> 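My structure is below; once you've seen it, I'll send some questions.
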Amino acid sequence: MCVKILEAAGKLNMEEYQFFLKGGIVLDRENQMDNPCPWLEDQLWDNITELSKLPNFHGIIESFEQYPRDWNVWYQSSEPETTPLPGEWDSSLNELQRMLIVRSLRRDRVSFCVYKFIVNNLGSKFVEPPVFEMKSVFDDSTCKTPLIFVLSPGVDPNKYLKELAEKLGMTHRFNSLSLGQGQAVIATNRIKEGAKNGNWVFLANCHLSLSWMPKLDKIVEQLQTDPVHKDFRLWLSSSPHPDFPIAILQSSIKITTEPPKGIKANMKRLYAQMTESKFNTCRKPEKYKKLLFSLCFFHSVLLERKKFLNLGWNINYSFNDSDFDMSEKILVNYLEMYEDTQWDALKYLIASVNYGGHVTDDWDMRLLQTYMNTYYKEDTLQPFFKLSNLPYYYVPKDGSLQSHRDFVSMLPNNDHPEAFGQHPNADIASQIKETQLLFDTLLSLQPQVTSSANKANAKSTEEEVMDMATKVIESLPSKIDYEGTKKIFSEDNSPLKIVLLQEIERYNILLEDINLSLVSLQKGIKGLVVMSSDLEEIFKCIYEAKVPPSWQKMYPSMKPLSSWTRDLTMRVEQLAKWSETAKPPVLFWMSGFTFPTGFLTAVLQTAARLNNISVDSLSWEFTVMQTDDQYITEAPKDGVYIKGLFLEAAAWDKKAGCLIEPEPMQLVCSMPTIHFKPVENKKKVSKGMYVCPCYVYPNRAVGSGRPSFVVAVDLKSGAMAPDHYVKRGTALLMSLDN
């Protein structure tokens with residue numbers, strides 16, 4: 001809204017705004033200026049080199065060459081949006097232009113810049129959520145206007161409505177109904193009766209009765225023309241759903257409330273719901289009060305951990321108050337039934353059965369149980385047991401319910417990542433993901449035609465897409481000779497030959513599809529062929545510098561178009577070299593395969609045939625190499641060397657050969673080459689080893705309909721216990737999102 005107002009007033013440079021949304025797109029780095037700063041990632045340098053092409057940013061590359069130390073200080077600052085820029089740039093740029101530099105180098109701070117930009121141009125009321133007051137919502141409504149609660153996790157509108165009905169003397173005329181199977185007829189009758197007699201009708205969970213929604217749409221439409229009692233109100237609640245009737249949304253008042261955010265807010269809510277009688281009912285109050293506090297903290301951590309996105313949970317779960325209530329009842333029962341504390345039973349019932357009933361991912365279940373093991377043990381009953389490494393999260397001394405509430409109210413308002421066992425970098429990673437979501441949303445709202453407010457010499461949308469399509473076609477590698485490769489390997493019956501041929505076949509199909517779709521797109525832009533819906537989708541994606549979904553069917557990726565195109569070239573080059581030399585690589589880049597699990601299975605099959613044993617009896621043993629890649633010249637006798645993996649939420653000490661804490665701002669680090677060696681009847685994982693999941697890409701749940709998880713790699717945990725890295729969400733990634 002702010003951008004549209006400024007654009008209409010002629011106060012916004014739309015070329016700069018487009019860069020703000022898309023960043024720098026570099027398909028071919030051969031002609032790019034060399035990066036003078038070793039601390040600056042390639043993708044960030046892409047942004048700077050493309051930014052320098054905008055009229056107001058000529059000379060910025062030279063500034064990085066002249067003042068690399070000053071730029072590094074700015075880059076490392078905790079609040080770069082308020083830190084002075086090096087050299088003359090601090091005084092020569094306006095607010096949007098400063099935002100472009102923040103967008104280019106520190107994406108994690110973009111949301112703070114946007115917030116400030118809106119306040120400076122529109123005023124603070126546009127960024128501050130209004131105070132939720134049910135009475136004012138009611139005053140804005142009429143008997144013919146439906147009121148819809150858009151549901152968010154942890155918020156129950158029924159409570160608010162009952163309080164309002166009581167306040168306005170409508171309790172005896174308030175009818176509530178939860179929708180679902182067989183409730184449609186009852187709901188219809190209640191609306192008719194309410195419209196006639198002036199009742200309030202509340203239909204909860206409309207998303208569970210979507211088949212009836214078109215009929216509700218007609219009923220709402222009829223209310224506009226039929227005589228309706230002035231006291232009648234139709235209240236609805238629904239989770240967001242694409243099939244919910246648009247007409248009802250347009251004609252209604254929409255209400256939404258955010259659930260409490262933060263450990264403190266969640267614990268305050270849990271203790272506010274606790275009554276004196278419930279708090280004092282257990283016959284072992286000392287144990288109960290300590291373990292209840294730990295349970296509240298456990299519940300709050302599980303709810304709030306989702307803010308770390310990929311580093312939080314692989315899959316989002318809807319943990320709710322009923323999980324907490326049931327766990328509290330289990331706690332009371334087991335404390336009263338047994339003299340000794342039944343730790344194993346409590347941990348199993350609360351974590352594995354109760355909360356674990358929601359969990360569908362094995363690695364999430366490991367995390368859940370790790371938290372439970374941390375908070376529920378004999379030490380918990382000791383005075384002032386610490387729940388995290390931070391000084392203010394500990395179990396308070398025995399006292400009344402009010403004293404516990406007072407203690408919770410003194411906890412920090414903002415949660416430090418360490419409260420969850422996370423590294424401070426985890427906040428940066430989640431802020432970058434939020435920024436990307438912001439850009440995606442803004443791009444989806446962009447008009448597909450060139451604005452007249454743009455400069456006369458600016459390229460039209462069609463010209464931009466045409467140029468980008470030409471660049472992609474020119475950068476595509478040639479197809480690999482499948483038939484020729486088949487002949488060369490005709491005598492070879494190894495499983496790896498099958499992998500090579502299958503991979504070549506898939507990449508050749510992909511290259512053909514990309515080429516055909518781009519040529520058709522160019523013809524469509526010129527008006528030579530009709531633009532189908534598929535071509536429209538490709539046009540939109542290329543304009544937004546994204547990879548079209550039809551190109552991602554062979555393998556999942558979160559990379560933008562420029563990085564994805566370069567990555568595709570490297571993938572094809574690995575296979576082409578293998579095909580031409582008829583020798584498998586000494587170092588395999590496993591990330592370059594469309595089916596990495598198929599490749600690993602082929603390596604196991606090769607070892608099984610060589611040793612004449614069953615493939616099912618084999619598993620992996622891992623050795624992280626201390627030698628640099630250029631000195632590894634021969635393949636291992638058993639297994640394969642795997643290069644090009646990335647470590648997220650930790651760093652690797654090459655000398656000591658173990659996991660260590662990452663540097664500030666170091667979100668991922670390159671892993672040295674790892675020797676994957678097939679072994680028979682492997683022993684259990686030894687102490688001090690972290691079982692590290694390896695995923696295809698940062699989205700740890702699924703990729704193109706296939707699981708993102710590939711293999712579990714054993715890594716030495718060094719000075720920290722393996723549980724430390726479980727809470728960190730440490731994982732290996734085969735590819736990144738940039």
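This one's a predicted model, so the numbers in the text were calculated from it and none came from an experiment. Computed over heavy atoms, backbone and side chain alike; hydrogens, waters and symmetry mates excluded.
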> Can you tell me how far OH of Tyr75 sits from CZ of Arg106, rounded to the nearest 0.5 angstrom?
7.0 Å

> So with a 6.0 Å cut-off around CG of Asp362, is the heavy-atom count from everything else above 12?
no

> I'd like to know if the side chain of Glu648 reaches the main chain of Val668, judged simply by a donor and an acceptor atom lying under 3.5 Å from each other, with no hydrogens or angles considered.
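Pair absent, no side-chain N/O of Glu648 close to backbone of Val668.
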
> Take Glu418 and Ser388, measure what side chain to side chain donor-acceptor pair (under 3.5 Å) needs, and give me the verdict at the end.
CA-CA 7 Å; Glu418 198 61 63; Ser388 87; over 6 Å; no

> Please check: side-chain N/O of Glu634 versus main-chain N/O of Ile632, any donor-acceptor pairing under 3.5 Å?
no

> If the plane angle is over 60° it's perpendicular, under 30° parallel, otherwise tilted; pick one for Trp564 and Tyr555.
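The arrangement is parallel - the two ring planes meet at less than 30°.
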
> Walk me through it: do Lys287 and Thr341 pass the test side chain to side chain donor-acceptor pair (under 3.5 Å)?
CA-CA 9 Å; Lys287 280 186 183 179; Thr341 311; 2.8 Å; yes

> For the OH atom of Tyr697 and the CG atom of Asn699, what is their distance to the nearest 0.5 Å?
4.0 Å

> Is there a donor-acceptor pair closer than 3.5 Å between any side-chain N or O of Asn425 and the backbone N or O of Glu663?
yes

> We want to know whether Asn47 and Gln43 form a side-chain donor-acceptor pair, criterion being a heavy-atom distance below 3.5 angstrom.
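There is no such pair (donor and acceptor under 3.5 Å, judged by atom type) between the side chains of Asn47 and Gln43.
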
> Please confirm whether the backbone N or O of Leu302 pairs with a side-chain atom of Trp313, one donor and one acceptor, at under 3.5 Å?
yes

> I'd like to know if the side chain of Thr435 reaches the main chain of Asp108, judged simply by a donor and an acceptor atom lying under 3.5 Å from each other, with no hydrogens or angles considered.
no

> Please report the C-alpha distance between Lys307 and Asp415 in whole Å, then the side-chain angles of each, then the deciding distance to 0.1 Å, and finally whether the side-chain contact (heavy atoms from CB on, under 4.5 Å) criterion is met.
CA-CA 11 Å; Lys307 75 174 183 174; Asp415 303 329; 3.9 Å; yes

> Below 30° counts as parallel, above 60° as perpendicular, anything between as tilted: where do the rings of Phe588 and Phe599 land?
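Rings of Phe588 and Phe599: tilted, 30 to 60°.
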
> Tell me whether the count of non-hydrogen atoms from other residues, nucleotides or ligands lying under 6.0 Å of CE in Met558 goes above 12.
yes

> Once you measure the plane-to-plane angle for Phe297 and Tyr393, does it fall in the parallel (<30°), tilted (30-60°) or perpendicular (>60°) bin?
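Ring orientation of Phe297 relative to Tyr393: tilted.
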
> Does a sphere of radius 6.0 Å around CZ in Phe622 hold more than 12 heavy atoms from other residues, nucleotides or ligands, not counting ones at 6.0 Å or beyond?
yes

> Is the backbone N or O of Gly262 less than 3.5 Å from a side-chain atom of Ser300, with the two atoms forming a donor-acceptor pair by type?
no

> We want to know whether Ser352 and Gln369 form a side-chain donor-acceptor pair, criterion being a heavy-atom distance below 3.5 angstrom.
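Yes, Gln369 and Ser352 have a side-chain donor paired with an acceptor closer than 3.5 Å.
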
> Are there more than 12 heavy atoms of other residues, nucleotides or ligands under 6.0 Å from atom NZ of Lys486?
no

> Under the side chain to side chain donor-acceptor pair (under 3.5 Å) criterion, do Asn508 and Glu512 qualify, and how do the steps go?
CA-CA 6 Å; Asn508 281 350; Glu512 183 72 24; over 6 Å; no

> So does Lys677 have more than 12 non-hydrogen atoms from other groups sitting under 6.0 Å from NZ?
no

> Is the shortest distance from a Lys or Arg side-chain nitrogen in Asp46 or Arg566 to a carboxylate oxygen in the other one below 4.0 Å?
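A salt bridge links Asp46 with Arg566.
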
> Has Arg107 got its NZ or CZ under 6.0 Å from the middle of the six-membered ring of Phe439, at an angle within 45 degrees of the ring axis?
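The answer is no; the distance or angle limit is not met.
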
> More than 12 foreign heavy atoms under 6.0 Å from CD of Glu41: is that the case here?
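Open.
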
> Run the numbers on Asn310 and Tyr695 for side chain to side chain donor-acceptor pair (under 3.5 Å), then give the verdict.
CA-CA 11 Å; Asn310 300 330; Tyr695 298 99; over 6 Å; no

> Strictly distance-based, threshold 3.5 Å: is any side-chain N or O of His423 a donor or acceptor partner for the main-chain N or O of Leu667?
no

> For the NZ atom on Lys329, are there more than 12 heavy atoms of other groups (residues, nucleotides or ligands in this structure) within a distance under 6.0 Å?
no

> Distance only, no hydrogens: is a donor on one side chain within 3.5 Å (strictly under) of an acceptor on the other, for Asp364 and Tyr317?
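Asp364 vs Tyr317: donor-acceptor pair found between side chains.
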
> What donor-acceptor contacts under 3.5 angstrom involve side-chain atoms of residues 600-609, with partners at least two apart or in another chain?
from	atom 1	to	atom 2	distance (Å)
Thr601	OG1	Thr597	O	2.8
Thr606	OG1	Ala602	O	2.8
Arg609	NH1	Asn493	O	3.1

> Determine the minimum heavy-atom distance between Gly729 and Leu311, stating which atoms define it.
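Looks like O-CD2, 3.9 Å.
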
> What orientation do Trp620 and Phe676 show, parallel under 30°, tilted 30 to 60°, or perpendicular over 60°?
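Trp620 vs Phe676 ring planes: perpendicular.
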
> Under 3.5 Å, side chain of Asp653 to main-chain N/O of Ile660, donor-acceptor pair present?
no

> Going by distance alone, is a donor N or O of one side chain under 3.5 Å from an acceptor N or O of the other, for Asp629 and Thr673?
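Checked: Asp629/Thr673 side chains pair up, N/O donor to acceptor below 3.5 Å.
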
> Between Glu503 and Leu575 (side chain of the first, backbone of the second, donor and acceptor by atom type, cut-off under 3.5 Å), is there such a pair?
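No.
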
> As a quick check of understanding, evaluate side-chain contact (heavy atoms from CB on, under 4.5 Å) for Lys546 and Asp440, giving each step before the final call.
CA-CA 10 Å; Lys546 293 179 185 173; Asp440 290 345; 3.4 Å; yes

> So for atom NZ, which belongs to Lys716, do other residues, nucleotides or ligands contribute more than 12 heavy atoms lying within a distance under 6.0 Å?
no

> Say whether, by atom type as modelled, one donor and one acceptor occur between the side chain of Asp492 and the main chain of Ser494 under 3.5 angstrom.
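It does hold such a pair.
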
